[in-house]
There are 2 protein chains.
Amino acid sequence: MLISEVAKIAGLSKDGVRHYEEMGLIASTERQAGSRVYREYDPAVLTTIEKVRQAQRLGFSLKEIGPLLKAHGAANLTPEQTVVFLEERLDVIRGKLKVLQEVEAFIKTKLDHYKKEKLSRSDKKI
Amino acid sequence: MLISEVAKIAGLSKDGVRHYEEMGLIASTERQAGSRVYREYDPAVLTTIEKVRQAQRLGFSLKEIGPLLKAHGAANLTPEQTVVFLEERLDVIRGKLKVLQEVEAFIKTKLDHYKKEKLSRSDKKI
DNA sequence: CTTGACTGTGGGGTTTCCCTACAGATTATC
DNA sequence: GATAATCTGTAGGGAAACCCCACAGTCAAG
(Lines give C-alpha, C1' and ligand atoms only; values in the text may rest on other atoms or scores of the structure.)
Protein backbone atom coordinates (compact mmCIF):
# COMPACT_ATOMS: atom_id res chain seq x y z
CA MET A 1 0.00 0.00 0.00
CA LEU A 2 1.10 3.59 -0.64
CA ILE A 3 1.62 6.24 1.95
CA SER A 4 -1.76 7.94 1.75
CA GLU A 5 -3.59 4.74 2.45
CA VAL A 6 -1.44 4.02 5.47
CA ALA A 7 -1.91 7.56 6.68
CA LYS A 8 -5.66 7.47 6.30
CA ILE A 9 -6.12 4.16 8.04
CA ALA A 10 -3.62 4.87 10.78
CA GLY A 11 -4.99 8.32 11.42
CA LEU A 12 -1.65 9.95 10.74
CA SER A 13 -0.65 12.52 8.18
CA LYS A 14 1.62 11.51 5.31
CA ASP A 15 4.32 13.57 6.95
CA GLY A 16 3.67 11.67 10.11
CA VAL A 17 4.10 8.34 8.37
CA ARG A 18 7.35 9.50 6.80
CA HIS A 19 8.41 10.74 10.19
CA TYR A 20 7.78 7.37 11.78
CA GLU A 21 9.81 5.82 9.04
CA GLU A 22 12.70 8.22 9.60
CA MET A 23 12.54 7.33 13.27
CA GLY A 24 12.92 3.70 12.33
CA LEU A 25 9.53 2.64 13.66
CA ILE A 26 8.20 1.35 10.38
CA ALA A 27 9.79 0.41 7.07
CA SER A 28 8.86 0.50 3.42
CA THR A 29 10.21 -0.96 0.23
CA GLU A 30 10.89 1.04 -2.89
CA ARG A 31 8.62 1.04 -5.85
CA GLN A 32 9.89 2.53 -9.07
CA ALA A 33 7.53 5.02 -10.64
CA GLY A 34 9.23 6.39 -13.73
CA SER A 35 12.05 8.56 -12.50
CA ARG A 36 10.46 8.68 -9.06
CA VAL A 37 10.50 6.19 -6.24
CA TYR A 38 7.37 5.59 -4.23
CA ARG A 39 7.24 4.01 -0.77
CA GLU A 40 5.41 0.73 -0.61
CA TYR A 41 4.19 -0.30 2.83
CA ASP A 42 3.27 -3.71 4.08
CA PRO A 43 -0.14 -3.66 5.79
CA ALA A 44 1.62 -4.94 8.90
CA VAL A 45 2.87 -1.42 9.53
CA LEU A 46 -0.67 -0.60 10.59
CA THR A 47 -0.47 -2.79 13.65
CA THR A 48 3.00 -1.46 14.33
CA ILE A 49 1.65 2.07 14.26
CA GLU A 50 -1.06 0.99 16.66
CA LYS A 51 1.57 -0.24 19.06
CA VAL A 52 3.44 3.00 18.73
CA ARG A 53 0.33 4.98 19.58
CA GLN A 54 -0.30 2.85 22.59
CA ALA A 55 3.26 3.32 23.80
CA GLN A 56 2.95 7.05 23.29
CA ARG A 57 -0.10 7.10 25.50
CA LEU A 58 2.00 5.34 28.11
CA GLY A 59 4.34 8.29 28.07
CA PHE A 60 7.10 6.99 25.81
CA SER A 61 8.72 9.20 23.21
CA LEU A 62 9.06 7.95 19.65
CA LYS A 63 12.77 7.66 20.23
CA GLU A 64 12.22 5.29 23.12
CA ILE A 65 9.63 3.31 21.24
CA GLY A 66 12.04 2.12 18.55
CA PRO A 67 14.09 -0.12 20.84
CA LEU A 68 10.89 -1.10 22.61
CA LEU A 69 9.36 -2.47 19.44
CA LYS A 70 12.47 -4.48 18.72
CA ALA A 71 12.53 -5.79 22.27
CA HIS A 72 8.95 -6.84 21.93
CA GLY A 73 9.61 -8.63 18.68
CA ALA A 74 12.60 -10.33 20.22
CA ALA A 75 10.41 -11.36 23.13
CA ASN A 76 13.18 -10.83 25.60
CA LEU A 77 11.51 -9.31 28.61
CA THR A 78 10.96 -11.41 31.68
CA PRO A 79 7.75 -10.86 33.63
CA GLU A 80 9.88 -9.23 36.32
CA GLN A 81 11.27 -6.74 33.85
CA THR A 82 7.84 -6.07 32.47
CA VAL A 83 6.50 -5.36 35.91
CA VAL A 84 9.33 -2.98 36.73
CA PHE A 85 8.85 -1.29 33.44
CA LEU A 86 5.10 -0.88 33.85
CA GLU A 87 5.56 0.41 37.36
CA GLU A 88 7.89 3.08 36.11
CA ARG A 89 5.29 4.12 33.58
CA LEU A 90 2.69 4.22 36.29
CA ASP A 91 4.89 6.56 38.31
CA VAL A 92 5.27 8.89 35.36
CA ILE A 93 1.56 8.94 34.72
CA ARG A 94 0.74 9.47 38.37
CA GLY A 95 3.17 12.35 38.61
CA LYS A 96 1.44 14.06 35.73
CA LEU A 97 -1.95 13.32 37.23
CA LYS A 98 -0.93 14.91 40.49
CA VAL A 99 0.16 18.13 38.87
CA LEU A 100 -3.01 18.36 36.83
CA GLN A 101 -5.20 17.67 39.83
CA GLU A 102 -3.53 20.48 41.70
CA VAL A 103 -4.09 22.80 38.81
CA GLU A 104 -7.70 21.73 38.61
CA ALA A 105 -8.22 22.51 42.28
CA PHE A 106 -6.53 25.85 41.84
CA ILE A 107 -8.75 26.86 38.97
CA LYS A 108 -11.87 25.75 40.77
CA THR A 109 -10.98 27.97 43.69
CA LYS A 110 -10.38 30.94 41.43
CA LEU A 111 -13.58 30.24 39.60
CA ASP A 112 -15.65 30.23 42.76
CA HIS A 113 -14.07 33.48 43.70
CA TYR A 114 -14.91 35.15 40.43
CA LYS A 115 -18.41 33.81 40.35
CA LYS A 116 -19.07 35.49 43.68
CA GLU A 117 -17.43 38.65 42.43
CA LYS A 118 -19.71 38.64 39.43
CA LEU A 119 -22.82 38.30 41.56
CA SER A 120 -21.96 40.96 44.07
CA ARG A 121 -20.75 43.72 41.79
CA SER A 122 -21.19 42.86 38.19
CA ASP A 123 -19.93 46.15 36.87
CA LYS A 124 -16.43 46.19 38.26
CA LYS A 125 -13.43 45.43 36.11
CA ILE A 126 -10.81 43.11 37.47
CA MET B 1 20.60 42.35 38.72
CA LEU B 2 22.38 40.37 36.01
CA ILE B 3 21.06 37.37 34.20
CA SER B 4 22.61 34.65 36.35
CA GLU B 5 21.05 35.99 39.48
CA VAL B 6 17.64 36.13 37.88
CA ALA B 7 18.10 32.62 36.52
CA LYS B 8 19.16 31.19 39.84
CA ILE B 9 16.35 32.76 41.82
CA ALA B 10 13.70 32.05 39.22
CA GLY B 11 14.82 28.49 38.70
CA LEU B 12 15.40 29.05 35.01
CA SER B 13 18.56 28.70 32.96
CA LYS B 14 20.22 31.80 31.57
CA ASP B 15 19.06 30.69 28.16
CA GLY B 16 15.61 30.41 29.57
CA VAL B 17 15.70 33.95 30.88
CA ARG B 18 16.91 35.24 27.52
CA HIS B 19 14.18 33.22 25.90
CA TYR B 20 11.51 34.79 28.08
CA GLU B 21 12.91 38.16 27.14
CA GLU B 22 12.82 37.33 23.44
CA MET B 23 9.21 36.27 23.89
CA GLY B 24 8.47 39.67 25.37
CA LEU B 25 7.54 38.36 28.80
CA ILE B 26 10.21 40.26 30.67
CA ALA B 27 12.47 43.18 29.84
CA SER B 28 15.95 44.36 30.68
CA THR B 29 17.92 47.55 30.29
CA GLU B 30 21.38 47.70 28.77
CA ARG B 31 24.48 48.03 30.84
CA GLN B 32 27.72 48.89 29.11
CA ALA B 33 30.59 46.59 30.02
CA GLY B 34 33.56 47.70 28.02
CA SER B 35 32.80 46.85 24.44
CA ARG B 36 30.08 44.45 25.60
CA VAL B 37 26.53 45.10 26.68
CA TYR B 38 25.10 43.22 29.63
CA ARG B 39 21.42 42.81 30.47
CA GLU B 40 20.33 44.47 33.66
CA TYR B 41 17.08 43.15 35.15
CA ASP B 42 14.76 44.81 37.60
CA PRO B 43 13.96 42.47 40.51
CA ALA B 44 10.31 42.82 39.51
CA VAL B 45 10.93 40.38 36.69
CA LEU B 46 11.02 37.67 39.33
CA THR B 47 7.37 38.07 40.17
CA THR B 48 6.60 38.28 36.48
CA ILE B 49 8.35 35.00 35.92
CA GLU B 50 6.33 33.52 38.75
CA LYS B 51 3.14 34.60 36.99
CA VAL B 52 4.38 33.08 33.77
CA ARG B 53 5.03 29.77 35.49
CA GLN B 54 1.60 29.78 37.00
CA ALA B 55 -0.01 30.48 33.64
CA GLN B 56 2.01 27.68 32.07
CA ARG B 57 0.67 25.28 34.66
CA LEU B 58 -2.79 26.42 33.63
CA GLY B 59 -2.04 25.23 30.12
CA PHE B 60 -1.07 28.48 28.43
CA SER B 61 1.84 28.64 26.04
CA LEU B 62 4.43 31.36 26.46
CA LYS B 63 3.08 32.97 23.34
CA GLU B 64 -0.36 33.28 24.88
CA ILE B 65 1.03 34.51 28.16
CA GLY B 66 2.50 37.70 26.73
CA PRO B 67 -0.85 39.33 25.97
CA LEU B 68 -2.21 37.87 29.18
CA LEU B 69 0.35 39.67 31.29
CA LYS B 70 -0.42 42.93 29.56
CA ALA B 71 -4.14 42.38 30.01
CA HIS B 72 -3.62 41.75 33.67
CA GLY B 73 -1.63 44.92 34.09
CA ALA B 74 -4.27 46.87 32.23
CA ALA B 75 -6.94 45.31 34.41
CA ASN B 76 -9.38 45.01 31.58
CA LEU B 77 -11.15 41.72 32.15
CA THR B 78 -14.65 41.74 33.49
CA PRO B 79 -15.60 39.05 36.01
CA GLU B 80 -17.71 37.47 33.29
CA GLN B 81 -14.75 37.23 30.96
CA THR B 82 -12.60 35.86 33.71
CA VAL B 83 -15.12 33.16 34.47
CA VAL B 84 -15.41 32.12 30.83
CA PHE B 85 -11.69 32.07 30.54
CA LEU B 86 -11.17 29.98 33.67
CA GLU B 87 -13.82 27.56 32.57
CA GLU B 88 -12.02 27.06 29.29
CA ARG B 89 -8.84 26.28 31.18
CA LEU B 90 -10.71 23.87 33.37
CA ASP B 91 -11.93 22.05 30.29
CA VAL B 92 -8.43 21.75 28.93
CA ILE B 93 -7.12 20.42 32.22
CA ARG B 94 -9.98 17.98 32.61
CA GLY B 95 -9.46 16.63 29.12
CA LYS B 96 -5.86 15.90 29.95
CA LEU B 97 -6.85 14.36 33.25
CA LYS B 98 -9.28 12.06 31.56
CA VAL B 99 -6.70 10.72 29.15
CA LEU B 100 -4.19 10.16 31.90
CA GLN B 101 -6.70 8.39 34.09
CA GLU B 102 -7.52 6.02 31.27
CA VAL B 103 -3.87 5.30 30.77
CA GLU B 104 -3.44 4.72 34.48
CA ALA B 105 -6.26 2.20 34.49
CA PHE B 106 -4.81 0.49 31.46
CA ILE B 107 -1.39 0.11 33.03
CA LYS B 108 -2.86 -1.15 36.26
CA THR B 109 -4.67 -3.87 34.39
CA LYS B 110 -1.52 -4.89 32.54
CA LEU B 111 0.41 -4.82 35.75
CA ASP B 112 -1.99 -7.12 37.50
CA HIS B 113 -1.76 -9.46 34.59
CA TYR B 114 2.02 -9.61 34.68
CA LYS B 115 2.17 -9.96 38.40
CA LYS B 116 0.05 -13.08 38.13
CA GLU B 117 2.21 -14.30 35.27
CA LYS B 118 5.26 -13.84 37.39
CA LEU B 119 3.83 -15.83 40.25
CA SER B 120 2.60 -18.74 38.19
CA ARG B 121 5.64 -19.33 36.00
CA SER B 122 8.51 -17.15 36.97
CA ASP B 123 10.91 -18.60 34.45
CA LYS B 124 9.10 -17.88 31.23
CA LYS B 125 10.11 -15.04 28.96
CA ILE B 126 7.42 -12.81 27.58
C1' DC C 1 -4.24 14.19 -24.15
C1' DT C 2 -5.49 16.95 -20.58
C1' DT C 3 -6.91 17.09 -15.88
C1' DG C 4 -6.92 15.85 -11.20
C1' DA C 5 -5.28 13.19 -7.60
C1' DC C 6 -1.41 11.14 -6.04
C1' DT C 7 3.63 10.74 -5.05
C1' DG C 8 8.45 12.53 -3.86
C1' DT C 9 11.99 15.88 -1.86
C1' DG C 10 13.41 20.02 0.37
C1' DG C 11 12.98 23.48 3.45
C1' DG C 12 10.67 26.35 6.98
C1' DG C 13 7.74 26.54 11.16
C1' DT C 14 6.04 25.27 15.90
C1' DT C 15 7.30 25.08 21.29
C1' DT C 16 10.35 25.79 25.22
C1' DC C 17 14.06 25.77 26.12
C1' DC C 18 19.30 23.22 26.35
C1' DC C 19 24.03 23.01 24.88
C1' DT C 20 28.35 24.21 22.64
C1' DA C 21 31.80 27.35 21.23
C1' DC C 22 34.07 31.39 20.95
C1' DA C 23 35.28 35.81 23.01
C1' DG C 24 35.25 39.98 25.88
C1' DA C 25 34.59 41.61 31.11
C1' DT C 26 35.08 41.36 35.80
C1' DT C 27 36.61 39.64 40.11
C1' DA C 28 39.78 37.18 43.04
C1' DT C 29 44.16 35.52 43.94
C1' DC C 30 49.07 35.52 44.06
C1' DG D 1 50.02 43.96 38.26
C1' DA D 2 49.59 39.55 35.95
C1' DT D 3 46.88 35.59 35.77
C1' DA D 4 43.12 32.57 36.52
C1' DA D 5 38.38 31.73 37.37
C1' DT D 6 33.97 33.14 36.59
C1' DC D 7 30.92 35.88 34.41
C1' DT D 8 28.68 37.95 30.25
C1' DG D 9 27.40 38.15 25.18
C1' DT D 10 26.09 36.18 20.40
C1' DA D 11 25.52 32.58 17.07
C1' DG D 12 24.05 28.34 15.75
C1' DG D 13 22.51 23.53 16.30
C1' DG D 14 19.32 20.23 18.66
C1' DA D 15 15.28 18.12 20.74
C1' DA D 16 9.84 16.30 19.86
C1' DA D 17 6.47 15.18 16.81
C1' DC D 18 4.93 16.52 13.53
C1' DC D 19 2.51 20.46 9.96
C1' DC D 20 2.64 23.07 5.84
C1' DC D 21 4.07 24.86 1.38
C1' DA D 22 6.14 24.59 -3.06
C1' DC D 23 7.71 22.43 -6.98
C1' DA D 24 7.53 18.50 -9.91
C1' DG D 25 7.04 13.77 -11.68
C1' DT D 26 3.27 9.81 -12.15
C1' DC D 27 -0.82 7.67 -13.04
C1' DA D 28 -5.72 6.81 -14.02
C1' DA D 29 -9.91 8.55 -15.91
C1' DG D 30 -12.51 10.98 -19.30
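Naming convention: chains lettered A, B, ... in sequence-line order (proteins, then strands); numbering from 1 in each chain.
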**Message:** Reading DNA chain D from 5' onward, which residue's closest nucleotide shows up sooner: B:I3 or A:K14?
**Reply:**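 First, find each residue's nearest nucleotide; the 5'-ward one identifies B:I3.
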Could you state the [atom1]-[atom2] distance from [X] to [N], rounded to the nearest angstrom?
X: A:E22; N: C:dG10; atom1: CD; atom2: P; result: 10 Å
X: A:M23; N: D:dA17; atom1: CE; atom2: C1'; result: 8 Å
X: B:L62; N: C:dT16; atom1: CG; atom2: C1'; result: 6 Å
X: B:R39; N: D:dC7; atom1: CZ; atom2: C1'; result: 14 Å
X: A:I65; N: D:dC18; atom1: CD1; atom2: P; result: 9 Å
X: A:R18; N: C:dT9; atom1: CZ; atom2: C1'; result: 8 Å
X: A:E64; N: D:dA16; atom1: CD; atom2: P; result: 9 Å
X: A:K63; N: D:dG14; atom1: NZ; atom2: P; result: 12 Å

**Prompt:** Is A:R94 salt-bridged to A:D91, cutoff N-O under 4.0 Å?
**Reply:**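 Salt bridge between A:R94 and A:D91, a charged N being under 4.0 Å from a carboxylate O: no.
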**Any A:Y20 side-chain N or O less than 4.0 Å from OP1/OP2 of D:dA17** =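 The answer is no; no side-chain N or O of A:Y20 sits under 4.0 Å from OP1 or OP2.
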**Message:** Listing request: all ring pair (Phe, Tyr, Trp, His ring centres under 6.0 Å) pairs with a residue in residues 23-49 of chain B, at least two apart in sequence or in separate chains.
**Reply:**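 Non-adjacent pairs meeting ring pair (Phe, Tyr, Trp, His ring centres under 6.0 Å): zero.
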**Prompt:** Is there side-chain contact between B:M1 and B:L46, with at least one heavy-atom pair below 4.5 Å?
**Reply:**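 A side-chain contact exists here, since the closest heavy-atom pair is under 4.5 Å.
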**Message:** Between A:E50 and A:Q54, is there a side-chain heavy-atom distance shorter than 4.5 Å?
**Reply:**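 No; the side chains remain at least 4.5 Å from each other.
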**Closest approach of A:I26 to A:T48 (non-hydrogen atoms, all atoms of both residues)** =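 Reported closest heavy-atom pair: CG2-CG2, 4.0 Å.
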**Item:** Minimum heavy-atom distance between A:R39 and A:L2, given as atom pair plus value
**Value:**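 It is O-CD2, 3.3 Å.
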**Message:** Closer than 3.5 angstrom, by distance alone: can the side chain of A:Q32 be matched with the main-chain N or O of A:R36 as a donor-acceptor pair?
**Reply:**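 Side chain of A:Q32 to backbone of A:R36: a pair is present.
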Do any N or O atoms of the protein come closer than 3.5 Å to N or O atoms of nucleotides 25-29 of chain C, and which pairs are they?
{"residue": "C:dA25", "atom": "OP1", "partner": "B:S35", "partner atom": "N", "Å": "2.6"}
{"residue": "C:dA25", "atom": "OP1", "partner": "B:S35", "partner atom": "OG", "Å": "3.1"}
{"residue": "C:dA25", "atom": "O4'", "partner": "B:Y38", "partner atom": "OH", "Å": "3.0"}

Atom pairs under 3.5 Å: protein N/O with N/O of nucleotides 11-13 of chain C:
none

**Item:** B:F60 and B:F85 aromatic centres sub-6.0 Å
**Value:**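 That pair passes the under 6.0 Å test.
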**Asked** When you look at A:L12 and A:R53, which way does the side-chain contact (heavy atoms from CB on, under 4.5 Å) test go after all the steps?
**Response** CA-CA 10 Å; A:L12 264 180; A:R53 297 304 220 178; 3.2 Å; yes
